[in-house]
**Q** 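For reference, the structure I am asking about is given below.
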Amino acid sequence: MHWADVAAQSLSHKGNKHVVSTGITPSGEFHIGHLREILTGDMIARAAKNAGLDVDFVFIIDSADPLRKVYDFLGKEYEQCVGQQLGAIPAPDKNGNPDWERFHEEGWTYAQHFLQPFLKALSEIGVKPRLIDNLESYRSGRFSDLAKIACDKADEIKECIERVSSRELPEHWFPWSPLNSKGGLDKVKVTGYDFPNVHWTDEYGGTGVSDITKGEGKLPWRIDWPAKWGWIGVTCEAFGKDHGAAGGSYATGREIVQLLGHEPPQPLVYEWISLKGKGAMSSSVGNTIGPIEALQLVPPEILRLLIAKSKPNKAIEFDTGMGLVTLADEYERLAARDFGSELADDTLSRRQRVQIEDASGAMRMASTVDGQQAHATSVTFRHLALLAQTKKDDSEVWASLVASGAIQSVTPQLQDRLHRMRHWIESEHFPEEMRMNILKKPNLEMLQHFTSDQKNILRNLTVALQACTWDSAAIGSCIPQAARDLELPPRMAFTVAYAALMGTEKGPRLAPILAEMDQQSIRELLNQCLVATE
RNA sequence: GGGCCUGUAGCUCAGUCAGGUAGAGCGUCGGACUUUUAAUCCGAUGGUCGCGGGUUCGAACCCCGUCAGGCCCGCCA
């Protein structure tokens with residue numbers, strides 16, 4: 001059974017109505033690591049729906065969290081905003097400094113700035129969660145009841161956090177962080193509490209009162225999370241392994257939520273995604289790849305497959321080079337399979353059955369539209385990459401595919417894929433291995449090993465290509481003819497041509513590539529090869 | 001210090017919860033095809049299941065120990 005179905009099944013034992021939740025702090029550029037958070041939730045929700053459960057899938061935007069520091073991608077002027085809530089400060093402008101004008105005129109916030117592109121990517125990926133803005137929830141009083149209980153039980157909660165996380169909290173710790181005199185959440189001390197007011201003093205010399213029913217502050221993370229579970233009614237949440245460790249926020253959260261009068265959600269801990277060769281993703285180091293950027297390279301269903309095929313506790317290495325080709329080709333292979341009939345075979349071992357079920361489940365989760373069957377395009381990424389490099393016009397790509405019988409007609413799906421492919425080829429991510437290059441200078445080492453037959457073919461070929469009409473068909477017949485004239489196998493002509501023109505033993509279909517090149521420069525190259533073999 | 005996760009074929013991983021002959025895909029090699037989509041099709045190759053004990057008729061799986069890598073216990077998915 002697919003991991004999402006396993007999660008759904010265990011949810012079904014607990015009831016029929018469920019809220020699957022996810023949450024991210026919009027503190028900077030979103031990356032594909034965040035995508036795992038949201039897709040893991042989305043897949044559980046989908047599986048639960050498929051299992052006949054009544055599911056609500058929510059995405060909590062943690063806009064009430066403060067700006068921790070002036071990140072590298074921010075301008076110095078953000079110094080004044082540190083400690084203030086992400087949903088209450090301006091978005092960065094082109095220079096990375098706060099755009100106060102847009103903030104005052106349109107209410108365009110830091111949180112929205114980073115969230116917006118992510119939401120756009122999500123809709124392309126087929127994820128449509130109910131959005132909950134955390135800051136807005138505080139301000140409109142959704143947290144009121146639970147914040148009150150938390151403040152009333154301050155001692156019990158403090159004891160719980162200290163015991164479970166084995167970390168000591170300061171003497172004046174209180175389960176409510178009031179906004180200080182500068183509108184920030186730091187450098188403030190709670191001095192008293194009488195519902196709904198929390199009294200405070202801050203290091204700037206200010207004192208004041210924070211009304212916990214009006215969002216004049218927030219619950220600290222370890223209480224904020226369980227409080228959300230409570231008022232939203234969360235029954236299942238997937239979260240990163242940082243929260244999942246012993247003594248981490250899930251460990252304290254599951255106890256605190258019960259102090260607040262609710263049951264803890266079913267957890268699912270997932271591993272990080274790293275970029276191949278670059279280590280863990282980190283916005284500050286800059287080795288991130290955003291969902292938008294990823295979508296320019298691969299179609300959404302393939303991105304979904306990446307998450308769906310790995311169990312959540314497996315670390316994923318996202319490889320934007322050759323790994324992408326393998327992944328995309330795997331998608332095509334899976335799409336071409338008929339899992340239903342494979343499973344109908346009752347001689348299958350349990351192991352084989354599990355494997356087929358998982359593959360089938362992964363494909364069900366990979367579709368951007370729930371219930372839509374993926375169908376193979378019968379054009380591999382590899383093949384498309386070749387065509388895209390040799391043919392400038394999309395129409396020529398389609399013509400070639402139709403002519404070879406690979407496709408009957410062009411579909412929007414294929415057009416979309418070619419579009420992304422061209423993007424990929426132009427990007428830094430495109431692997432050298434896939435890039436095709438006609439040599440500028442002869443590869444002397446390869447030419448040295450030429451036999452006399454091969455040298456003769458080369459001579460013939462040089463003459464023939466000099467005279468031939470410069471189009472794909474003519475070139476295509478020229479090459480094998482160069483060998484036939486000598487009563488040698490046509491195949492040998494290709495070997496010679498690859499060695500001379502590309503410096504490889506084999507390669508993609510030559511004629512269309514050469515047709516795209518300049519006849520003069522090919523002739524020169526071949527002449528240089530000839531000289532080198534004399 | 002405490003805890004979590006991972007370790008299975010050259011690579012990526014299933015299989016561990018419910019113990020029953022070690023599985024896929026990729027790669028590699030071979031064959032078919034022969035104006036070749038580095039294509040496609042067919043076949044083969046491939047593992048002391050990190051290591052050592054224990055339980056069992058039987059262990060990749062359960063238990064104990066151990067090694068290695070990653071991570072958490074400071075609100076970075």
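Since the model is a prediction, treat every value here as computed from it, not as a measurement. Below, chains carry the letters A, B, ... as their sequence lines are ordered, and counting in each starts from 1.
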**Q** Between B:C76, B:G23, B:U36, which nucleotide has the shortest distance from any of its atoms to the side chain of A:H243?
**A** B:C76
**Q** Apply salt bridge (charged side-chain N to carboxylate O under 4.0 Å, His left out) to A:E396 and list each qualifying residue two or more places apart in sequence or on a separate chain.
**A** none
**Q** Rounded to whole Å, please give me the gap between CG in A:L510 and P in B:U35.
**A** 15 Å
**Q** Is a side-chain donor-acceptor pair under 3.5 Å present for A:Q9 with A:D5?
**A** no
**Q** Run the ring-ring contact (aromatic ring centres under 6.0 Å, His included) test against A:F57 and tell me which residues pass, sequence neighbours left out.
**A** none
**Q** Could you provide the dot-bracket string of RNA chain B, using ( ) for intrastrand pairs, [ ] for crossing pairs and | for bases paired to another strand, with Watson-Crick or G-U pairs below 3.5 Å?
**A** ((((((((.[[[[.)....(..]]]].(((((.......))))).....[[[[[..)....]]]]])))))))....
**Q** What nucleotide among B:C76, B:G23, B:C26 has an atom nearest to a side-chain atom of A:D242?
**A** B:C76
**Q** Just the atom pairs and distances: protein N or O near nucleotides 15-17 of chain B's N or O, under 3.5 Å.
**A**
from	atom 1	to	atom 2	distance (Å)
B:G15	OP1	A:K311	NZ	3.1
B:G15	OP2	A:K311	NZ	2.9
B:U16	OP1	A:R350	NH2	3.1

**Q** As a test of reading the structure: which of B:C75, B:C5, B:U36 is closest to the side chain of A:W221, going by heavy atoms?
**A** B:C75
**Q** Applying side-chain hydrogen bond (donor to acceptor under 3.5 Å, both in side chains), name anything that partners A:T495, two or more places apart in sequence or on another chain.
**A** none
**Q** Could I get the full list of side-chain hydrogen bond (donor to acceptor under 3.5 Å, both in side chains) partners for A:S177, not counting sequence neighbours?
**A** none
**Q** Partners of A:V463 by side chain to side chain contact (heavy atoms under 4.5 Å, CB included), sequence neighbours excluded?
**A** none
**Q** State which residues pass side-chain hydrogen bond (donor to acceptor under 3.5 Å, both in side chains) with A:K309; sequence neighbours excluded, sorted by chain then number.
**A** A:E330
**Q** Can you identify which nucleotide, out of B:C75, B:U36, B:A24, has its nearest atom closest to the A:Q355 side chain?
**A** B:A24
**Q** Under 4.0 Å between a side-chain N/O of A:R484 and OP1 or OP2 of B:U35, yes or no?
**A** yes
**Q** Does A:W229 have any ring-ring contact (aromatic ring centres under 6.0 Å, His included) partners at least two apart in sequence or in another chain, and if so, which?
**A** A:W225, A:Y250
